[in-house]
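Beneath this line is the structure, given in structure tokens, with notes to follow.
Computed over heavy atoms, backbone and side chain alike; hydrogens, waters and symmetry mates excluded. Every number for a ligand or one of its atoms is a count from 1 in the order of the listing.
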Amino acid sequence: MKPKQITVTEPLLPPLEEFIPYLERVWESKWITNNGAFHKELEQALCDYLGVEYISLFTNGTLPLITALQALDIRGEVITTPFSFVATSHSIWWNGLRPVFVDIDEKTGNIDPDKIEAAITERTTAIMPVHVYGTPCDTERIQQIADKHGLKVIYDAAHAFGVERNGVSILKAGDISTLSFHATKTYTTVEGGALVCHSAEMKRKIDHLKNFGFENEVSVVAPGINSKMDEVRSAFGLLNLRYIDSAIEARHKIDTLYREALRDVEGLRMLDEKIFEGVRQNYSYFPVFVDAERFGRTRDELYFALKEENILARRYFYPLISNFDTYSALPSAAKENLPVANRMAEQVICLPMHHNLSEEDVCRIIDVIKRR
Ligand SMILES: *Cc1c(COP(=O)(O)O)cnc(C)c1O
């Protein structure tokens, strides 16, 4: 008999009986979408929780990226990282723009600020970095470069819900940041997402763009799209906000267990805790990087050894976005241009990480990793 399955993640589900009264309110109101009461309430609650001024809810985490590029009127080329989920580059593609890949920093997995300037051409108009695994980018350096060259900055903050540096939300960096509330993310509304901006005027523009461009009943001010969040998921999100802190705390404990157990394993690298100084983390993922020669097994051998024990880890982010057919012909996608990203994509494995993982589960995982 196979041992109990351990999944890489598990959705944050509020107690069902607590959700019922919310649904009753939606049914009674007969207002199930289009900026209803729960939608408004969740936008305000998220502003308060995240410590930001303007949030616009979306139906998933990809449409706010696409809409951000629209709202800022981005043209030509957008500098981005290949070490992310495909939606980052896809949002650029969907706007008829060209992604330009820049290599990443070995220590964080984020875009390497030292390599951005060399990729800027006269067609460059924006930078789209990702706070990968929720680790903050070097936002100060990136802003300096953007200011010097007159570029906009859009952060894909899909992994960075609740992340702060020195007490300030990481979502305040750049012109716009976007979040994903997909079921696999730390905070979820089933499917869902949000866009964070820094002025009432921009928020108004975004709200028009996500609703076909309607300004009022008779006036359409832009060729908008439909990416509104509905009342049922807004309610789900409101209820889940009550549980997010304890979920993050549970993840923190798992993170500590992993770190202590894996500290001295030859050939396994974890993200260095030094990069989290002054950072309020959300412990979204637990990536480890396998140096096959020193570890004695390749990353894939470890991945399948875990699978054999019914432990489902994920090779996030492998393959690299730049190696997918859609993008691999771009000059910036060449492997020689992205040596660090290619290496990290070959080495990475994200261990199971979620609020319901038990200490016993973690021990089972560690046993398989340490087994020779
Ligand atoms: C999950 C994710 C997205 C897309 O979010 P969806 O809600 O699934 O559309 C975008 N970027 C990154 C880095 C992600 O991990």
Please could you name the atoms of ligand 1 that [X] approaches to less than 4.0 Å, counting only its heavy atoms?
X	value
Gly192	7 (O)
Ala87	4 (C), 10 (C)
Phe85	2 (C), 3 (C), 12 (C), 13 (C), 14 (C), 15 (O)
Gly61	4 (C), 5 (O), 6 (P), 7 (O), 9 (O)

Identity and distance of the protein heavy atom lying nearest atom 5 (O) of ligand 1: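 Nearest neighbour among protein heavy atoms for atom 5 (O) of ligand 1, to 0.1 Å: Ser180 OG, 3.2 Å.
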Can you spot which of [options] makes a side chain to side chain contact (heavy atoms under 4.5 Å, CB included) with [X]?
X	options	answer
Ser227	Leu195, Leu63, Ile66	Leu63
Pro129	Thr81, Val153, Thr80, Thr139	Val153
Phe181	Phe58, Tyr187, Phe236	Tyr187

Ser84 heavy atom under 4.0 Å from ligand 1: yes
Part of His159 within contact of ligand 1 (heavy atoms, under 4.0 Å):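 Within the 4.0 Å criterion, His159 contacts ligand 1 through side-chain atoms alone.
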Close N or O approach (Lys185, ligand 1; < 3.5 Å): yes
Exam field: side chain Lys203 to backbone Ile55, donor-acceptor pair closer than 3.5 Å: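 Confirmed, Lys203 side chain pairs with Ile55 backbone.
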Shortest reach to atom 11 (N) of ligand 1 by a heavy atom, considering only Asp156, Thr178, Val130, Thr62: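 Heavy atom nearest to atom 11 (N) of ligand 1 belongs to Asp156.
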Salt bridge Glu18-Arg242, side-chain N to carboxylate O under 4.0 Å: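 Counted as a salt bridge, because a side-chain N and a carboxylate O are separated by less than 4.0 Å.
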Residue pair Leu312, Gln5: steps toward the side chain to side chain contact (heavy atoms under 4.5 Å, CB included) verdict: CA-CA 8 Å; Leu312 309 180; Gln5 189 175 74; 3.5 Å; yes
Partner of Glu309 by salt bridge (charged side-chain N to carboxylate O under 4.0 Å, His left out), out of Lys2, Arg364, Arg371: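 Exactly one option meets the salt bridge (charged side-chain N to carboxylate O under 4.0 Å, His left out) with Glu309, and it is Arg371.
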